[in-house]
Q: 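My structure is below; once you've seen it, I'll send some questions.
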Amino acid sequence: MSNETPVDKMSFEQAMGELEQVVTRLERGDVPLQDSIALYERGAKLKKRCEDELKRAEEKVAAITLDAEGNPTGITPVEGL
Amino acid sequence: MSDLIDEPTPGLNAPEFTVTEISGAVKRVIEGEFAHVRVRGEIGRVSRPRSGHIYLDLKDDRNVLSAVIWKGVANRLATQPEEGLEVVATGRLTTFGGQSKYQMVIEDIAPAGMGALMAMLEKRKKQLEAEGLFAPARKRPLPYLPEVIGVITSPSGAVIRDILHRLRDRFPRKVLIWPVAVQGANCAPEVARAIQGFNRLTPGGALPRPDLLIVARGGGSIEDLWGFNEEIVARAAAASEIPLISAVGHETDTTLIDFVADRRAPTPTAAAELAVPVRMELMAGLDGQGARLSHAATQVLSLRGQRLRDLSRALPKPATLVESARQRLDSWGDRLGPSLSLAAQRKRVQFSEASASLRPAALTRLTGDARRRLNERAARLDPALLDREIDRKGRDLARVTQRLSLVSGGQIKHWRQELDALDRTRQTLGYRETLKRGYAVVWSGAQVITTRAEAEQSPALEIEFQDGRFKLGGAAPKAARAKPEPPEQGSLF
């Protein structure tokens, strides 16, 4: 396994990319049995990481409030758009 | 002017007009003064109502002149008015008293080359390009899945709604709107400030810093969009550390910010599409990966299981491996016992045969025979036989010796006679025999003298006779003169 970055520190894109590599390697079938078990476990972790990211998707819209000089002072929720 | 004096107003010198009167007066002045003018300017906003007339603005960078092209004229114009086009319009000025406006009635219109504003924009563009702000190498990739998206646009209106809708459809995200004026004098400074403001936010601060910015505005005239052509906006966008998508106007509108943005979206909706991937597709893709993962893992095991079964099937049974060996062992083992006794028996027979003839009587007979032969030989061994043989050999030797001395004595005598004969010959041939016959040899020392001249020069002479030398007076010859001493046989012969 070339990349042993902890899964929870990966971006969605990285996790997705590595998951694809893991799957491809497993499918090629030339991985030693011992390694393939470890690969499968890592693949499962990567998949969970991506799924969590996808499930977390939620919309939150806010507008920045500005003072008289146009500097940001805070945010105010925006609804109904 | 005479009218004015005809009706004086008490207390005031200045004449009094009604609004209509003054409007009429202005109209007369204007129409009289500008009955035929040529005006150069860029065409701004153009509107074509159903009436068929064309209303448009002529402008330069400071002023605007409203103009109208009546339907009849519009139909026969060679050049149709287009926004942004710099033209020279020919016509007259008139007033529109109802709205206190004046305008130009255009009778003809002709292009005058690129509009001043556009020319200015072009110049600006070239300068920024020369600075490398448009270089493809400057463009950063957009984040695959931004956490927070900053949208710089008007907080009301269709644009933000379009963006939010499309984001919601694809992948709901956190959106921060930075409200700005999207046209007019405030547009450029506010947009520039918003880009800088978003960049100043710190990640994880009270206000979340966006991963991606969208600068958006709906379609509009070139004047409406002009703010996005301003240099401060372009420079702020170029300096943005956060990747930025520009989505200003419609697809055909290109403003300066489009050149410096990391990506240009043709519309605000398209900007939302560039910003996030489609969540459902990702989920489907992820499910697909998951399925492939478990399938592959199962496959890994089942393939190996299959292989194991195949191999074990091919593996022969242990019993069959040793069967034939065991058979051979059995057969040899069976033969082992009998063969030993057979071999022993065979040896025993041989032994019996050999030992049958081995008896002491046979040995005694053998030695008796040998002893008899020995005695016979010893009886024939007689010393007299030997002496006789010695005698015979001794006689042979004496005879041979006698013959040898006889032969050798004769030989020596013969050789002596030959030698004497040879010596006689030698003496006859030598000069001394000549001396016996009365000749003499004259010597000077060791040298033979054969001429008178030599004799005269010699200090002493000797004459050799048959019986010796005779010295002729004088002293003995000097050693020096006698130095060359020839051998006995000189030139005498």
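Naming: A, B, ... by sequence-line order, numbering from 1 per chain. In this text the structure is predicted, and so the values were computed from the model without any measurement.
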Q: Under a 4.5 Å cutoff for heavy-atom pairs, which residue among Gly43(A), Cys50(A), Ala62(A) has the most contacts with chain B?
A: Ala62(A)
Q: For each of His295(B), Arg200(B), Arg304(B), tally heavy-atom pairs with chain A at distances under 4.5 Å, and name the one with the top tally.
A: Arg304(B)
Q: Under a 4.0 Å N-O cut-off, is there an ion pair linking Glu59(A) with Arg173(B)?
A: no
Q: Side chain, backbone, both or neither: which part of His165(B) has a non-hydrogen atom closer than 4.5 Å to chain A?
A: side chain
Q: Is it the backbone or the side chain of Tyr40(A) that comes under 4.5 Å from a heavy atom of chain B, or both, or neither?
A: both
Q: side-chain contact (heavy atoms from CB on, under 4.5 Å) for Leu293(B) and Glu27(A)? Distances and angles first, verdict last.
A: CA-CA 8 Å; Leu293(B) 181 68; Glu27(A) 281 180 340; over 6 Å; no
Q: Are more than 12 heavy atoms from other residues, nucleotides or ligands located less than 6.0 Å from atom CD of Gln306(B)?
A: yes
Q: State, yes or no, whether a side-chain contact exists between Leu282(B) and Glu53(A) at a heavy-atom distance under 4.5 Å.
A: no
Q: Check whether any side-chain heavy atom of Pro155(B) lies under 4.5 Å from a side-chain heavy atom of Val78(A), and answer yes or no.
A: no
Q: Where on Glu147(B) is there a heavy atom nearer than 4.5 Å to chain A: the side chain, the backbone, both, or neither?
A: side chain
Q: Quick check on Leu164(B) against chain A: is it the side chain, the backbone, both or neither that has a heavy atom closer than 4.5 Å?
A: both
Q: State, with a plain yes or no, whether a side-chain heavy atom of Ile177(B) is found less than 4.5 Å away from one of Ile64(A).
A: no
Q: In the structure I gave you, are the side-chain heavy atoms of Trp178(B) and Pro72(A) within less than 4.5 Å of one another anywhere?
A: yes
Q: Answer yes or no: are there more than 12 heavy-atom neighbours, outside Arg209(B) itself, under 6.0 Å from its atom CZ?
A: yes
Q: Is any side-chain heavy atom of Lys60(A) closer than 4.5 Å to one of Val175(B)?
A: no
Q: To the nearest 0.5 Å, what is the distance between CZ (Arg292(B)) and NZ (Lys47(A))?
A: 13.5 Å
Q: Heavy-atom pairs under 4.5 Å with chain B are the metric here; pick the option from Leu19(A), Ile37(A), Leu33(A), Ile75(A) that has the most.
A: Leu33(A)
Q: When you compare the side chain of Leu26(A) with that of Gln299(B), does any pair of heavy atoms fall below 4.5 Å?
A: no
Q: What part of Leu145(B) is in contact with chain A, defined as an atom under 4.5 angstrom from a non-hydrogen atom: side chain, backbone, both or neither?
A: side chain
Q: Would you say CZ of Arg263(B) has more than 12 non-hydrogen atoms from neighbouring residues, nucleotides or ligands within 6.0 angstrom?
A: no
Q: Is the shortest heavy-atom distance from the side chain of Leu286(B) to the side chain of Met16(A) under 4.5 Å?
A: yes
Q: If you take all heavy atoms of Arg279(B) and Leu54(A), which pair is closest and at what distance?
A: NE-O, 2.7 Å
Q: Could you give the side-chain donor-acceptor pairs of residues 230-251 of chain B under 3.5 Å, partners two or more places apart or in another chain?
A:
residue	atom	partner	partner atom	Å
Glu230(B)	OE2	Trp226(B)	NE1	3.4
Glu231(B)	OE2	Arg235(B)	NE	3.1
Glu231(B)	OE2	Arg235(B)	NH2	3.1
Arg235(B)	NH1	Glu131(B)	OE1	2.8
Arg235(B)	NH2	Glu131(B)	OE1	3.2
Arg235(B)	NH2	Glu131(B)	OE2	2.7
Ser240(B)	OG	Asn199(B)	ND2	2.9
Ser240(B)	OG	Ile242(B)	N	3.2
Ser240(B)	OG	Ile242(B)	O	2.7
Ser246(B)	OG	Asp258(B)	OD1	2.6

